[in-house]
Amino acid sequence: LPDDDERAAAAWFAQQPNTEFVKVSDIASLDPDIYSVLWIEIDRVGLPLGWTNLPGGLADDSTIAALREYSANGGAIYLSNMATQLTAPLGFVPEDMAPSLFGNGEGGDGSDVWVINPFLGVDFKNGSDQGYYDRSAHAIYQGITLEDPNNYGYLTVPLIGPGRREDHNCMWDCNIYGRGSERDVIAHFEKVTNSLVLATWGHVRDHCVAGLVEFFATESHGRCIANGFAAYEWNQNSGTNPYQHNVERLTLNILNYLK
């Protein structure tokens with residue numbers, strides 16, 4: 001693995017019980033009754049936008065076909081960081097709704113805490129034609145203490161502290177899809193993609209961004225969770241991340257939820 005974040009994620013994963021690394025070429029042979037969840041993590045500086053640019057054979061026709069078959073047979077998939085782009089070829093979102101908010105740079109220094117927000121539409125909480133959606137009780141947040149380190153006035157999930165961070169978002173700008181016949185753009189995104197948006201950027205008080213999404217099973221595919229937040233960084237470049245425990249707990253919760 002060429003990137004420090006992928007190596008850190010792999011090192012943590014190797015320490016968890018009942019886990020196994022599989023090669024991309026092995027996906028076609030995976031039995032969902034034995035391998036109930038497949039985690040694909042891609043986070044690399046300089047990787048170009050577009051799922052066809054994903055490395056290691058992930059973009060090959062044979063791999064996409066194998067992943068679609070695994071999913072159709074009931075296997076659950078966790079896509080994190082740049083791997084969220086696979087939601088399009090795997091049929092979780094239409095091709096024209098692939099993640100468009102994307103970064104791949106070296107990163108920079110910051111003094112704030114990067115957080116994610118499970119309270120969608122904070123500005124509409126006290127009455128509006130648009131909705132307010134509290135997703136904080138979802139199972140993926142179990143055991144995580146919500147905090148407000150940036151003084152936003154509402155609780156959030158801190159994922160990485162001050163220092164050098166890579167701004168590698170790979171997620172959805174819901175505004176470009178509009179609201180259709182729904183009350184807001186989040187409701188429209190969820191209806192079109194048969195999903196539940198679980199978090200937006202920490203500072204966002206409306207519905208503009210979907211960064212952590214649960215896609216429900218359909219007749220053609222199984223369940224999927226996609227996490228495209230830059231804040232979900234496995235190795236902070238400037239030293240120890242004081243919120244590393246939240247990154248790990250969120251991951252463990254997602255994997256256990258998808259079992």
Side-chain angles (χ1 to χ4, degrees), residues 1 3-16 19 39-45 78-84 99 101-120 122 134-172 197-205 209-214 225-258:
L1 299 175
D3 192 275
D4 62 310
D5 295 303
E6 293 178 1
R7 292 193 297 272
W12 174 86
F13 184 75
Q15 297 174 358
Q16 307 311 307
T19 59
W39 177 20
I40 303 176
E41 153 72 4
I42 302 292
D43 188 4
R44 301 186 182 184
V45 174
Y78 175 39
L79 303 172
S80 60
N81 297 109
M82 295 171 176
T84 60
L101 293 170
F102 183 80
N104 62 1
E106 295 283 349
D109 295 314
S111 59
D112 62 337
V113 177
W114 281 2
V115 301
I116 64 175
N117 177 16
F119 304 100
L120 312 178
V122 171
D134 178 356
R135 304 287 157 77
S136 63
H138 195 281
I140 66 166
Y141 298 121
Q142 182 178 359
I144 296 176
T145 300
L146 274 64
E147 306 174 45
D148 184 16
N150 298 316
N151 297 314
Y152 291 150
Y154 50 86
L155 296 175
T156 58
V157 179
L159 290 182
I160 192 166
R164 180 164 290 270
R165 291 85 57 100
E166 296 169 350
D167 195 9
H168 289 180
N169 289 298
C170 189
M171 46 206 279
W172 290 270
V197 178
L198 299 177
T200 186
W201 276 327
H203 62 280
V204 167
R205 303 174 63 92
V209 170
L212 180 55
V213 183
E214 175 183 2
I225 287 182
N227 180 1
F229 283 112
Y232 183 75
E233 185 172 347
W234 273 92
N235 185 64
Q236 186 161 6
N237 299 85
S238 55
T240 302
N241 174 13
Y243 299 103
Q244 185 69 28
H245 58 284
N246 283 349
V247 172
E248 296 173 0
R249 183 58 188 254
L250 181 65
T251 307
L252 187 62
N253 285 350
I254 289 172
L255 295 175
N256 284 333
Y257 176 74
L258 288 173

Taking all heavy atoms of Trp114 and all of Ala231, pick out the closest pair and write down the distance.
CB-CB, 3.7 Å
So which atom in Pro162 and which in Ser238 form the shortest heavy-atom distance, rounded to 0.1 Å?
O-OG, 4.4 Å
Report the distance from atom CZ of Arg249 to atom OG1 of Thr251, rounding to the nearest 0.5 Å.
11.0 Å
Glu233 side, atom CD; Arg164 side, atom CZ - distance, nearest 0.5 Å
10.5 Å
When you measure from the side chain of Asp134 to the backbone of Ser136, do you find a donor-acceptor pair of N or O atoms at a distance under 3.5 Å?
yes
What are the two closest non-hydrogen atoms of Asn81 and Phe229, and how far apart are they?
ND2-O, 3.5 Å
State which residue, out of Thr145, Leu159, Leu146, fulfils the side-chain contact (heavy atoms from CB on, under 4.5 Å) condition with Asn246.
Leu159
Short side-chain to backbone donor-acceptor contact, Arg135 and Ala199, under 3.5 Å
no
Indicate yes or no: at least one non-hydrogen side-chain atom of Leu255 is less than 4.5 angstrom from one of Thr19.
no
Would you say the side chain of Trp201 lies within less than 4.5 Å of the side chain of Asn117, judging by non-hydrogen atoms?
no
To the nearest 0.5 Å, what is the distance between CZ (Arg44) and CG (Leu1)?
6.5 Å
Starting at CG of Leu198, measure out to CD1 of Ile116 and round the result to the nearest 0.5 Å.
8.5 Å
Report yes if some heavy atom in the side chain of Tyr78 is under 4.5 Å from a heavy atom in the side chain of Ile225; otherwise report no.
yes
In Å and rounded to the nearest 0.5 Å, what is the CG to CD distance from Asp4 to Gln236?
11.0 Å
I'd like to check Tyr152 versus Val115 (side-chain heavy atoms, cut-off strictly below 4.5 Å). Are they in contact?
yes
Do Asn104 and Met82 have side-chain heavy atoms sitting under 4.5 Å apart?
yes
Do the non-hydrogen side-chain atoms of Val157 and Leu250 ever get within less than 4.5 Å of each other?
no
Classify the ring geometry between Trp234 and Trp12 as parallel (under 30°), tilted (30 to 60°) or perpendicular (over 60°).
tilted
Considering only heavy atoms from C-beta outward, does the side chain of Leu79 approach that of Ile40 to under 4.5 Å?
yes
Would you mind reporting whether Asp3 and Glu41 have side-chain heavy atoms less than 4.5 Å apart?
no
Which heavy atom in Trp172 sits nearest to a heavy atom in Ala226, and how many Å separate them?
CH2-CB, 3.9 Å
Rounded to the nearest 0.5 Å, how far apart are OG1 of Thr200 and CZ of Phe119?
13.0 Å
Grab the two heavy atoms, one from Asn227 and one from Leu212, that are nearest each other, plus how far apart they are.
CB-CD1, 3.5 Å
